[in-house]
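The next block holds one structure in the form of structure tokens; read it before the comments.
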Number of protein chains: 2
Amino acid sequence: MAAPKTKVTITDVAKAAGVSSSAVSYALNGKPGVSEKTRDKVLKVADTLGWRPNSAAKALSNASSRAIGLALTYSPEALTVDSWTLALLSGMSFELEKNDYSLMLRIIPTGGDMLSIHREWLADGSVDGVVITNVEIGDKRIELYRSARSMPVVAMADPSVTGGLPTLTSDDAGGARLLVDYLHELGHTHIARVAGPERYGHTFSRDRAFIEETSAMDMRYDCLHADYSPEQGADCTARLLAFGDPPTAIVYDSDSMAIASMKVAAERGFAVPEQLSMIAWDDSFLCQTVTPGLTALHRSIVTAGKQVVPMLLRQINGETVGNEYEEPYELVVRDSTAPAPVHAGQ
Amino acid sequence: MAAPKTKVTITDVAKAAGVSSSAVSYALNGKPGVSEKTRDKVLKVADTLGWRPNSAAKALSNASSRAIGLALTYSPEALTVDSWTLALLSGMSFELEKNDYSLMLRIIPTGGDMLSIHREWLADGSVDGVVITNVEIGDKRIELYRSARSMPVVAMADPSVTGGLPTLTSDDAGGARLLVDYLHELGHTHIARVAGPERYGHTFSRDRAFIEETSAMDMRYDCLHADYSPEQGADCTARLLAFGDPPTAIVYDSDSMAIASMKVAAERGFAVPEQLSMIAWDDSFLCQTVTPGLTALHRSIVTAGKQVVPMLLRQINGETVGNEYEEPYELVVRDSTAPAPVHAGQ
DNA sequence: TTGTAGGCGTTATCAG
DNA sequence: CTGATAACGCCTACAA
């Protein structure tokens, strides 16, 4: 077959088929208003001519771009190993492809002007819907979409920070309780956590749940906040272990911080898990491949990505959607956790 | 400020400013043909009205979408930790944002119909340019874009498989030589490699360079091909170590396979690096955080991503671009490599 | 310097 | 069942 010369339009097809352009449009879109015979002819001609709808013209006419937007923040250090982002992209893409939608991805440096991207999307019609992640407390994006009310949105966050926008929530408080209770059962009375950035809503949810649950269990709880980067994770661990009375277990808000910290523990002479238990919040292949295997709080980000898309599509379709919840967290016990060490003299 | 009611168009601005729509267009695009006074007025009105150009209309009118396309393949297992992909996305996004371009990302399952995505892009005008990665030998995409000649493209691959399309190449052969020579100097005479999928052009380049260089150095060289997944990486390692006469050094085509294999080596009783040296092709934070630290062949994928975008933009701009080369590989020696073990009795 | 008119490719309306 | 015709919002000759 010959390469299609240039762009072939619906008018070309109409001309070649000897019908009007509207007949072609009907035929091509499987709509009534055209005879079977004409339809077949048009389809055949369109095929041989290699016609494809022009996306811009379609978008202009329908006021729909068949794309959804995702704007992420880029932290040069932390991103290199961020399995979360990639899993989300995969999950979303899987559902988007099924529905003939594309993903408009924008990644900007941390601290960049993300809000203007959303303003653009809100006004220029280049996306039919938007997913918001890493929602901060008092997040401007929430306010923006809330006041506009014209753009399908799903926020992946705790409902307490999404101001009534459709939300997909992971049970962070439940996860925190799961971890605290597990460590409590192992006899730990002093635990610590290296958390994600304090400004994020999910970090806050976890913070609060940890405090509540440890206090209910009468455990001592220390918490340091980092940016998910291996470096800061390791730093925080070093600080925690330098205490006169260091914790006997540390929970990390990301697998990368946990893994980077294993080396620190080893260097400081803390045997894992005998003297120090370590747990990663969010599981990945790394947790199972590292030695000792890292006990982790598991959830499927891919599944969350798959879940968020239909919520968007339903809105685009004019339906109202409420909040949904991700699969619950699940504790995967490996080799990095053990009963609390018995202090000499106790 | 009040939330902009609905979409505000150029005509609305014209009406509000009391001028014609073309005057508005000129003013907004900074083109001559309008007085300073009018321009200022228009700009002011547009701003207060919250006008933003409609992307579809603009695209239709200019035949330009200000988006570039990237279609990737999704392997549920391998993707979870693929730092390569994310680094590429970051690098590309960084440059794209600077130039006011978006990234159209499509991820499909391995074995899916990627070609039809490209046919779509070629015909529907939804992207102004395309980046092709993981080029296979005899890749249909190359043929497609070569015969169409209408779409700006950059292939990230070896020029030998890109059929004359503009190409960004990493010096895979050079990297291979670097590794072989390094291991040779350490006294290794029998090395192995767990490579990526055989169908990829870059795998082939490495394969050939390894064979040539090891043969020149009079070294024995074994090679197994895997899919970059930790599982297959570990499997291959197990097989290699089960030989009666196992290699004393193994090179992995991805950091994830290398890391997953460290556990296998330990289980089989191979001390790293004393009895077995391990090297990862492509460096990441994981390599330095793991114990022992993994010696790695380093390159900046982020930089490559940054490099590929201008190549595309220049083409979009009508310029002709040739092949370019990524920064050379650099060997980062850590703790997983050592002189070849001396055999008992030698 | 300004405004009018036509085109970009589709979809949708409304006569025939 | 068909085929003009008018949007969609922007750009750009071309006239005034």
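Per chain, numbering begins at 1; letters A, B, ... match sequence-line order. Remember, it's a predicted structure, so these values are computed and weren't measured experimentally.
The overall bend of the helix from C:dT1-D:dA16 to C:dG16-D:dC1, read as the angle between its terminal helix axes built from five base pairs each, is 50° when rounded to 10 degrees.
Residue pairs meeting the salt bridge (charged side-chain N to carboxylate O under 4.0 Å, His left out) criterion with at least one member in residues 14-26 of chain B, sequence neighbours excluded, do not occur.
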Residues 25-36 of chain B side chain polar contacts: donor-acceptor under 3.5 Å, at least two apart:
from: B:Asn29; atom 1: ND2; to: B:Ser25; atom 2: O; distance (Å): 3.0
from: B:Ser35; atom 1: OG; to: B:Thr38; atom 2: N; distance (Å): 3.2
from: B:Ser35; atom 1: OG; to: B:Thr38; atom 2: OG1; distance (Å): 2.6

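Within residues 122-130 of chain A, no residue approaches DNA chain D, by heavy-atom distance under 4.0 Å.
Residues B:Leu89 and A:Leu89 have side chains in contact (heavy-atom distance under 4.5 Å, counting atoms from C-beta outward). By the 4.5 Å heavy-atom criterion applied to side chains, B:Met156 and B:Leu88 are counted as neighbours.
For the pair B:Lys15 NZ and C:dG3 C1', the interatomic distance rounds to 15 Å; values are reported in whole Å. A straight line from NZ of B:Lys41 to C1' of C:dT1 spans 14 Å, rounded to a whole angstrom.
A:Trp121 and A:His118 have perpendicular rings, their planes meeting at more than 60° on a 0 to 90° scale where under 30° would count as parallel.
Remark: side-chain polar atoms of B:Glu95 are not paired, donor with acceptor, to backbone N or O of B:Gln307 under 3.5 angstrom. Between the B:Asn99 side chain and the B:Tyr101 main chain, no donor and acceptor come within less than 3.5 Å of each other.
Between the side chains of B:Thr169 and B:Asp158, no donor N or O sits under 3.5 Å from an acceptor N or O.
With sequence neighbours excluded, the residues that form a side chain to side chain contact (heavy atoms under 4.5 Å, CB included) with B:Asp100 are B:Arg66.
A salt bridge links A:Arg314 with A:Glu324: at least one charged nitrogen is closer than 4.0 Å to a carboxylate oxygen.
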Contact pattern, 5' to 3', of nucleotides 5-16 of chain D - B, S or - by protein heavy atom under 4.0 Å: ---BBBSBB---
